[in-house]
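Following: one structure in structure tokens, then a few remarks.
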Amino acid sequence: MSEFHLEPKPSGAIQRAAEQSVPVTGTEPSGFFTQLKGFWVTFSTMFKKPNTIEYPEVKPEVAPRFHGRHQLNRYEDGLEKCIGCELCAWACPADAIYVEGENNTEGNQISPGERHAKVYQINYLRCIFCGLCIEACPTRALTMTNEYEIADDSREKLIWEKEDLLAPLRAGMLMPPHPMYPESDHHNYYRNEIKESHPSQDTKAGGEK
Amino acid sequence: MNNASIILDDPTWIIVAKGVLVFALCVLLTLLSVWGERRIVARMQMRMGPNRVGPFGLIQALADGVKLALKEDIIPAAADRAVFVLAPIISVTTCFMAFAVIPLTGEVNFFGEQTIMQLTDLPVGVLYVLATASIGVYGIVLGGWSSGSTYPLLGGLRSSAQVISYEIAMGLSFVGVFIYAGSMSTGDIIASQSTWWNVVVLFPSFAIYVISMVGETNRAPFDLAEAEGELVGGFHTEYSSLKFALFFLAEYVNIIAVSALATTLFLGGPSAPPGLGFTSAWFGGWFSFIWFFLKVLAFFFFFVWLRGTLPRLRYDQFMKFGWKVLIPVNIAWILVVATLRLLTQQGASQFVIAGFTGAVVLAVLGAMTIYDRSKIKTEERANQVEPMPEPSFPVPALPTSLALKEKEGN
């Protein structure tokens, strides 16, 4: 038998069990003090800190990758990342997402490239927070936040529209519709090369001139 | 001067005032104990318990009561209406009645009148408590029967069988106290404990009483009548709204009543613990109520502790424990107490008493040893399992037997 023989050696216990039948009785020594042990457990637990999180007052901190409500992200100049491809809607096992795409036009550039979402709805009565939509999204337009307080009191309120889901404008962002960054195409956007909005993108300022 | 003669000259207004006070105390204690129980059990399970209504959730029970009162009162179509309505009323009134004979304080000054916070001191006070408890069973069994439904009927029957069985053990544990005190009046029993509390002198009686009072009140681990997993809600499954609230009230008043009775019979009632006798004169005697209250609270905590610790017994185990352990042990103990009492009364010498006690102790130890040995023997017999015969048909080889064969081959 070589040293590298891989067959597992039978342990002593299994051998013994095979050689003789070990009776299983289920009786354990149960003295008077064993009976009292349980009383001590409950008594001492009284002085431990409760596990309760007092929720509405104390918000529990969730894991960084917690599946909370969705968010539709923007590029750094304010254009929406969503291209209205509906892959999220197709990926959704609960059929909670409804998307209607629309072409971007000269005066109505919502996202870089050809298309944007005209309608984007997530029905939180159906959503199971599985995150398959996030996996499906080709532009990282759809991600999940850590926000979990979504409960509401009517079916209508639980269908979130695009306005509710869109990320807020940060500094340097312009509210679409506005033209794409000068001398760039959607590839530059996709590679994250657009860092902030260009003055020429401000349609309002441009229009006033 | 015993309690009865102190109470005897009470004017009517004091009697009325006492009645109202006792009633108010019971209801208030129920509200507090529901809250207390939930808080304590929660802590035992590392939870917080109700803490939202009022400071520390103190008026949670009151809020629950209001909610119950506002709920729809449903009487099932199959129910016997009159009995269905009567059952919770019987249950709750009998519980309150038990408090009439329990002295809550020592002698106090009640608006210029020397009295004791005790409605009446019957010569057969403790028997009266037993009697009210027995009538209380009617509430349960009638409630179960009149619901016209299977689970309540089963629950009601179970519960009444249980209460009746444990009442025997309970009643027998009183006998030791009666023999010792020479009276059945609660006042006299307390007076007889002036040197030693009965919990010391009659410890076996006390232990049996404490166990049987849990059975008597249908509380965990003996809450078979309301075994949620088996009988939905037991006898009160079909009850809703205020009628359910009455059953709920009855359960908690009952707990406090048996705790108060245990305090009276075994812990000296409102008298101060040894060494603190000077406190009984404080606040014109009213301080004695604190002692009484603390003792009742201790019992109540014990109830909650049991509930937090022990799982529910099976019905047959429970009945076996009551009839085959508690009652025989109790009867043997009563014989010992009676003999000892008679020996002392007849003026037997110290040697005879000591000899008798020694003989009893020896007999108990001997019986325990014999019992243990026979138990070990039966266990050994149970452990001898026949080895499995070789199967006469081909079976796939076990991995271990392969290894064994290899070992044999080597």
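Note that the coordinates shown come from a computational prediction; the quantities given were computed from them, not determined experimentally. Values below: every heavy atom of this structure, side chains too, minus hydrogens, waters and symmetry copies. Just so it is clear: chains get the letters A, B, ... in the order the sequence lines come, proteins before strands, and each one is counted from 1.
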Specify the closest pair of heavy atoms between [X] and [Y], including all atoms of both residues, with the distance to one decimal.
X	Y	value
A:T45	B:M44	CG2-O, 3.2 Å
B:T309	A:F39	CG2-N, 3.6 Å
A:E54	B:M48	OE2-CE, 3.3 Å

Holding to salt bridge (charged side-chain N to carboxylate O under 4.0 Å, His left out), I want the full list of residues that pass it with A:R74, two or more places apart in sequence or in another chain.
none
Is it the case that more than 12 heavy atoms not belonging to [X] sit under 6.0 Å from its [atom1] atom?
X	atom1	answer
B:R47	CZ	yes
A:F129	CZ	yes
B:K71	NZ	no
A:E149	CD	yes
B:Y371	OH	no

Examine whether an atom of B:F302 lies under 4.5 Å from a heavy atom of chain A, and if so say whether it belongs to the side chain, the backbone or both; otherwise answer neither.
neither
Quick one: OG1 on A:T42 to CD1 on B:I40, what's the gap to the nearest 0.5 Å?
11.5 Å
Within this structure, what is the CZ-NZ distance for the pair B:R43 and A:K49, rounded to the nearest 0.5 Å?
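Output value for this atom pair is 9.5 Å.
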Please work out whether the ring planes of A:F43 and B:F301 are parallel, tilted or perpendicular, with thresholds of 30° and 60°.
perpendicular
